[in-house]
Each structure stands twice: as C-alpha cells, then as structure tokens.
There are 4 protein chains.
Amino acid sequence: MIPVPKTTPKTTPGKAPGNAPKTAPRTARSPAGGGAASDGRRAELLAIAAGVFAAQGYDATTVRRIADEAGMLAGSLYYHFDSKESMLDEILSAFLDELWAGYEGVMAAGLGPRETVEALVTASFREIDRHLDAVAIYQREARQLASSQPRFGYLADSQRRFERLWLGTLERGAAAGVFRTDLDLRLAYRFIRDTVWVAASWYRPGGQHSPEEIARQYLSMVLDGVTVRE
Amino acid sequence: MIPVPKTTPKTTPGKAPGNAPKTAPRTARSPAGGGAASDGRRAELLAIAAGVFAAQGYDATTVRRIADEAGMLAGSLYYHFDSKESMLDEILSAFLDELWAGYEGVMAAGLGPRETVEALVTASFREIDRHLDAVAIYQREARQLASSQPRFGYLADSQRRFERLWLGTLERGAAAGVFRTDLDLRLAYRFIRDTVWVAASWYRPGGQHSPEEIARQYLSMVLDGVTVRE
Amino acid sequence: MIPVPKTTPKTTPGKAPGNAPKTAPRTARSPAGGGAASDGRRAELLAIAAGVFAAQGYDATTVRRIADEAGMLAGSLYYHFDSKESMLDEILSAFLDELWAGYEGVMAAGLGPRETVEALVTASFREIDRHLDAVAIYQREARQLASSQPRFGYLADSQRRFERLWLGTLERGAAAGVFRTDLDLRLAYRFIRDTVWVAASWYRPGGQHSPEEIARQYLSMVLDGVTVRE
Amino acid sequence: MIPVPKTTPKTTPGKAPGNAPKTAPRTARSPAGGGAASDGRRAELLAIAAGVFAAQGYDATTVRRIADEAGMLAGSLYYHFDSKESMLDEILSAFLDELWAGYEGVMAAGLGPRETVEALVTASFREIDRHLDAVAIYQREARQLASSQPRFGYLADSQRRFERLWLGTLERGAAAGVFRTDLDLRLAYRFIRDTVWVAASWYRPGGQHSPEEIARQYLSMVLDGVTVRE
DNA sequence: TATGAATGAGAGTTCATTCAT
DNA sequence: CATGAATGAACTCTCATTCAT
C-alpha cells in the first residue's frame, strides 16, 4: 500500500507527466515574489486539511469544515488551492516523497536482509510518527484513488515500487538462509506491510512508546514470533 | 488442523442492545409467513449494496448506483429499506452477529491458549471469506461510525468485547508460558488483530489459497516468526 | 367561503360539465351489481380520509397514512378511488350537497330577514356538527383549489351563490328596517360568514354546547352585540 | 379614535423561550458591523417567501418557487437560511413579536374594558395590514405546527397568552357591567378572536377601507350588533 | 488575501400512482 | 379486494466551486 514520490531529486525515471512540483497560487493576481510567507500559510492549511481528512475521511470532509478550522470562509481556500482534490494530492505526495527519501537512504546503506528489514520498518514507523494524518488518509483512500483517478496514478506506481523493494529483500533473505523458505513470500510481504502501516490507525504521537520502540517490538514479533522458543 | 464450529445455534449473549433484528417492508399487516420471498430480495439487495460500499466507500456510494446495479430505480430501494444508512447497519450487524457466533463456538470449546489463538484466527479468515465486503466496509468505516453515530454504538461494544477476548487469551498464554512475556501485550493484540483483518483488503474468495491455508501461514508467521530457527 | 353543490336535484343551472355524481370503482373488473357493500366501504374510507385531511392538511397527508388508518396498503386505495384528489373532491362535494339542501329548505320557508338569518346560521352550525372534517378541510383548502384547479370550479360557484344568498337576505333586512343601514353590507356579510364557519376550527361534536345552543349564542352576539343595552 | 402605540421599545417580557433572534449567514467570523446589508437581503427574501407561503400554503410551496421569485437558484437560499422551516419560523416569530409589542402598549395604557377591546381590535387590524402574509400563514398553519413541532412551541405559548389577555378583558368588562353576562365568555372570546383574524383571508392592503375603518365597523357590529336598536 | 453571495450539479428521500398476482 | 413491488417525478438540502469586490 505504499507509492512512489512525485519528486525524487535523483532518479525518477518514468515520472508521470503533468505532475510538476506543487506551487503557490496560480491566479492572474498571484502574489509577487517567492512567497515564503505564502508557503507557510499553505503548509498550515495543508496540515489542517490533513487532520480533517484523517479524522472524517476525504469524502465526508467538506471544504467548509477545513475553512472553519482555519478561521476563514470556504471560498477563501481557493486562493491557495485549485481544489479539494489538489489538497489531497499535495498531502499524499509530500508524504510519499519523504517516505521514499528515507527508504532510499536505507537501501543505499547496503545492509544485509535482516538489517534491511529492520531499517525499513523503523523508517516506516518514523514516517507514521511524522506524517500520521497523511498515512491514515493514504490507508483509507489510496486504493480507490489509484484505480479511478489518473491524477493519482503515482500512488499505484509507488505501490509497485514498494512491492519490488520488499519482495526483493525477502527473496534475498530467503536465498541467504536468513528467512524461512516454507512461506509464500507474497503472503509474507503483505503480512509485514500491513502489519506496519495499519499501526497508523491506533498510533498517537507522544504516546507511551516511541516509534523506534514500537518498531523494535513489531520486528521482534514478526521476525521471531510471539511464542516462546525452546 | 483446528476445529472451529461454524455457528452455535444456542445463544448469542452479549448481543449489542438496540441491535434488534432488522425488519422487512413496512406493511399495515405484515405477511403471515416469515416473508421468505421478501427476505430473499432484501438479502440480494444487501449483497449488492455491500459490494458497492466495499468498492467505493460508503460516502462515495450513491443510492442510485446501488439501485442501478440492482436493476431498479433509486426510489424503489426505499420500499425495502428505510435509508442508505440502515442498509449499512444491516450489513455490518449481520456480519458481526455471525462473527461472534463463530467466536463463541471457539471459546466454548475450552482449548488451550495457543489452540484458541489458532481457532480464532482461522474463524476470522473464514469470516473474511464469507463476508468479504462487510469486512472491508467495517475496516474503512467502523471507527468513524462508532464515534459519531449512536445508532452504530454496537460497533464500539463489539470492539471492546473483541479486545477483552483477545487480551484475555494472550494473558492466559503468557501466564502459561506459551507466549513470550517480554512483549507489550496490547501491542501484540493489535499486531495480531490488524494482521488478520487487513487481509480483507487483498483477499479474493476462490483465489489461490483457501481461508484455512492463509490462516495456517499467517499463524505460522505470527507464532513462530519469519526468520529461520536454529 | 361556501359553495354550490355538485348535484342539486332541482335547479342547478350552469352546472360544470364532467362533474357527474361520484360513483363506485371504474376499473375493468369493477364489482358487478349495485355494490351496497362497496358503498359502505367507500364511505368508511372517505370518513377516514376526511379525518386525516382535517387533522394534517391535504398536502401534508400521505395516501399511505390514510391506508394505514384503514388497515390496508396504500396501493389498495386505488381500487376504490381514482386518486387522492378525487377523495378530496368527494368529501367536499358531499358536504356542499348537504349544505345546500339545508339552505334551500330554509329559503323555501319564506321567512322574514331576521328569521332567515337565524335559520341559516342554525343550519350552518348543524352542518359543522355533522361534517366537521369536511368543513375544516374546506376552510383550509377551498380558496387555493378553486383558483388553481378547474376540477374544483364548483367551489367558486358555490361561493358566489352563497354570497348572493346572504347579501340578498341582508339587503332585504336593511330595506325592511330590521338591520342597521350604517354598515358596509359586504363587510357585514363577511363578518357573519366567517364568524360562523371558523367555529369549525375549535368545535368538537358532543361537547358542552349543542350546535343549536352555539347558534343561539352566536346569533345573539351578532344580532344584538356583546355590550349591555340600556 | 383609539390610540394604540406601535411598538414599545422597553421590554418584551413573556417572550417564548427558544425564540432567540434569528441569525445571519454562518460566517467563520461574523462581520464586524451589524450586517445591515445582509439583513436587507434576508428581509427581502423573507417577504418573498411569506408571499408564496400565504398564496399556496407552506407545504405546497417549493423552495424552488421561492428562489424563482427571488431571481436565484434554490440552493442559493441556503446561504441565507438553514431550511425552509426556518424561513417560516422567522416569518411567524417576527410577526408575533410585533403583535405583542402592540398589545403590550395597549395594556400598558390602563384603559377601561370597552376601550381596551377597541384598542386591541384596532391594533390587530393594523397588524393584519402590515403583516398580511404572516397572518394568513399563521391562520393556516399554526395549529398544526404548534402541536407537532417543538420548534414552534412558541405559537402555543402565544395562543395561551392571547387567550388570557382577552378573557381577562372580557371578564373585567362583564364584572363592570359593560359587557353582557348572559353569554358564555369563552364563546365570546372565540367569536371576537376569529372574527378579527379571519379578515386576513379577504383583506387587501390599499383597498377601499383603511384598517382603522374596518376596525371601527367590526367593533360596531361586535359591540352593538347588526340589528337596529329601538 | 479574504469575503459574501451565488451557482449548478447531484445527493438522499418521499410519495402518488400502477399493475401483475 | 387487497398485496407487494416497483416507477418516476419532484423535493429539500449539500457542497465544491466561482467571482466581483
């Protein structure tokens, strides 16, 4: 359930067209200058929108509700964004960009299979901690968006890339005798993937456990099982 | 393999209040028989609705879409159901009723902790197989419904009951030396719970693996881990 | 606010066409024979409909509500009546027929102006007592029906006839020195007319006062005033 | 002639609860001023709505019809009002507020029973002249609204208060020997009440008689009767 | 930058009515 | 005579979006 970034600074071959980096207002009267202040407001509004999308679902969220929380009128949001959909787009692609930046760091480190799994899972929990709303939105909406809206094709791309990365790692591990070979690897892949990301549905930042601690325990269960070894 | 009774005809205690059996069309004098014919149509329509809800999300589903798939007009649905919401209600509560019937069969068998976990997981995968749409809907909508609509309070009740059942089993197992004691049991509970149910997002009935086979592999990973034991 | 009968046995010149006496079912399978039993059911259903129309207003009354009160399904009413509107039509025209039968009896008696007024008012209160629902419906709906639906043109006809009858009587009385001549007679007409018929909004049959007693007191006020005469 | 103060700015005690001043469009931060411009549009729309409600009846009036007359689309009305019902609410409560302001002025004047009756009737006809549509709506819908919708409970309150005021006045007059004592006072109350208000069904502002002239003639009939005194 | 007012499409729902059984 | 199931039009209301100011 995890996708490709919109803008990977280094290598993003086959990047979908019309997917240029999101920019500030595009109206005739768009603000002059670089708009650092403007970008601050944008980010603020996106955070608010993400919060509401995560809490109520994208469809059930009205643009007025977002505006209310931002202390403005619904129409005013359209100075900052093209549409409700483009807010969602920005939220999701910003999250994916960061996620993949993290993953690429892991892969670039050239670790062994088990260590790679540990690093990926830990990176994922960190991302959940930092982009909780985006992750929750992603979990709930991605499948549908990817399959029905061309604009969100990058979600499916990311999904595929994600699967390749994980399956590859698992296969390496199985070949190296680190992971069990009596399992259907696709099942194992889904098992680990879901196990990690669904945590977003109950995780609350600043809670009892740090993301790293949660990652540690999850890894312990996934890798070693919950039963006592004799 | 693990024996899991399908449905226990005996009792269904702990049934959420306000969850009375949904009734058929509002006639002045309801038909003398049980309304088997009518119920057939109802069930058919509910299955169609569940399919659309699962595919598009409850909010994004229009009542006209459901009617289209059923080959009737939107208004005609209201002969059978009070509202879109009550269709959702029936779908979810029918699913939960069956699920709990299965769970109660398991608990009544008086198995040991490990075998109980195995039986519960297997029962769950069977339920996913039988009520795939309902499970998918549940996953996507339950939290929000439970927290914002009194009518769906039984979802929260079920959730709590579910947690008690699982946590109790895990605690018994830990006390008995079957499960590891170095884990946060709540984390373990969530881990297993999510692990199982999210499978609904990719599972397709009639696919490569039977529900029992999937359960077996999941259990193997959860209980023993994915790494090779020395 | 009071109209012409649909079927006056003697003189009804200018009677609107297409206004034939309401009859029993008109379907292909209409019941054979005179249908005395059928007429009983019709009358019963009309009484029920009148009750609901009076209580909730014609527009706010659903055909299902009427059917519920009659212990049948909404569709079944259409065996007995063409439409909701034709029920209303029958209720109103039956009432007007009776009303005018009474009025004609009064006029045929050849009384003096004061005695004619007394007899008309008394006849009116008797009609309120017998056709309370119909009167209430008439009060609420007649103006609109008469002005917008050709089918109900007879309501306006009756209205005009009613005005002629009353104004004529008042004029006779004024000419004879029985009634005051310093009043606008149209105002006096409306005053008496409204005074009587609005009573339907609070009158309940079987209450403290009989229709005749209420008529007596009303007449006393209208004719002599509420202040003490020296 | 009888002096009747228009509006008493002082106090409006006995105002029905839950009848708070209706508010303007739901902005995030309501406009700093009083919203005079907005109120102008609101009042305009309410006048249009009142006209249609009065002409067709509340139930038979579609929101589209109101919008048409206002030169806008149906949905646009919802920028100004919560619902069709709240338009009705505002129309009725504005009318009642004004009516009671007038009545309180009369009662505060400390007149004798006969003069009080005269002043109340005159004030009522003035109100019919000023709020014709609202009065017509009130006549047609009040009973039902009051009895079935809690939101309109203030209608019943007003009714009761109205009865107390009139009955009290009549009783004072009877005790003082001004009004006849051989009448059922409740009947007399209803007689006068209905007599006055039903005038709204035929009264047209700017017609032959001024409200005051109509009041004079009505009072003359009610107080002295229509027959010639010897 | 934001507001206030509006648009227009479409949502869920109601309801009089029809008709085969 | 009545039922059960459906139709189809209309209704109230919601909401993303636009745009002059």
Side-chain angles (χ1 to χ4, degrees), chain A residues 25 27 29-31 37-38 41 59-67 70-85, chain B residues 24-31 35 37-38 41 59-67 70-85, chain C residues 25 27 29-31 37-38 41 59 61-67 70-85 87, chain D residues 24-31 35 37-38 41 59-67 70-85:
Chain A
T27 52
R29 331 156 278 223
S30 97
S38 176
R41 189 71 172 127
D59 286 309
T61 296
T62 70
V63 127
R64 177 143 71 209
R65 177 68 200 277
I66 299 172
M72 49 170 41
L73 291 178
S76 308
L77 281 175
Y78 287 78
Y79 177 80
H80 300 279
F81 304 97
D82 277 342
S83 64
K84 182 185 171 190
E85 197 182 85
Chain B
R26 24 182 173 169
T27 53
R29 293 172 301 217
S30 62
S38 175
R41 189 70 171 127
D59 287 309
T61 296
T62 71
V63 119
R64 272 173 181 85
R65 178 68 198 280
I66 298 172
M72 49 169 40
L73 292 177
S76 306
L77 282 174
Y78 288 80
Y79 178 76
H80 300 278
F81 304 97
D82 278 343
S83 63
K84 182 185 170 189
E85 197 181 87
Chain C
T27 53
R29 331 156 281 225
S30 98
S38 174
R41 189 72 172 127
D59 287 309
T61 295
T62 70
V63 126
R64 177 144 71 210
R65 177 69 199 278
I66 299 172
M72 50 171 39
L73 290 179
S76 308
L77 281 174
Y78 287 79
Y79 177 80
H80 300 278
F81 303 98
D82 276 342
S83 65
K84 183 185 171 189
E85 198 182 83
M87 292 186 224
Chain D
R26 27 184 169 166
T27 52
R29 293 171 301 216
S30 62
S38 174
R41 190 69 170 128
D59 286 309
T61 297
T62 71
V63 121
R64 255 202 263 294
R65 178 68 199 280
I66 298 173
M72 51 170 38
L73 292 176
S76 307
L77 282 174
Y78 289 79
Y79 178 76
H80 299 279
F81 304 98
D82 278 344
S83 64
K84 181 185 170 189
E85 196 181 87

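Each chain gets a letter, A, B and so on, in the order its sequence line appears, and its residues count up from 1. These numbers come from the heavy atoms of this one structure, side chains and all, not from hydrogens, waters or symmetry mates.
For F:dA6, the OP1/OP2 oxygens have no side-chain nitrogen or oxygen of B:Tyr79 closer than 4.0 Å. Phosphate proximity of F:dT3 to C:Ser76: present, with a side-chain N or O under 4.0 Å from OP1 or OP2. Phosphate contact (OP1/OP2 of F:dT18, side-chain N/O of A:Tyr78, threshold under 4.0 Å): absent. Under 4.0 angstrom from either OP1 or OP2 of F:dA6 there lies at least one side-chain N or O belonging to B:His80. Residue C:Arg65 places none of its side-chain N or O atoms closer than 4.0 Å to OP1 or OP2 of E:dC15.
Ranked by how close their nearest DNA chain F nucleotide is to the 5' end, A:Glu85 and C:Gly75 are led by C:Gly75. Positionally, the nearest nucleotide of DNA chain E for A:Ala74 lies more toward the 5' end than for the other of A:Ala74 and B:Thr61. Nearer to the 5' terminus of DNA chain E, by closest-nucleotide assignment, is the contact made by D:Leu77 (compared with the other of D:Leu77 and C:Lys84).
Inter-axis angle, ends of the helix from E:dA2-F:dT21 to E:dT21-F:dA2, five pairs per end, rounded to 10 degrees: 20°.
Considering only heavy atoms from C-beta on, C:Leu77 comes within 4.5 Å of C:Met87 through its side chain.
Checked by distance alone, B:Arg64 brings no side-chain donor or acceptor within 3.5 Å of a matching partner on the base of E:dG10.
Between B:Arg64 and B:Ala74, the shortest heavy-atom distance links the atoms CG-CB, 3.5 Å.
Which of F:dT7, E:dA2, F:dC11 sits closest to the side chain of B:Leu73 comes down to F:dT7.
Using a 4.0 Å heavy-atom distance criterion, D:Val63 is classed as a sugar-phosphate-only contact.
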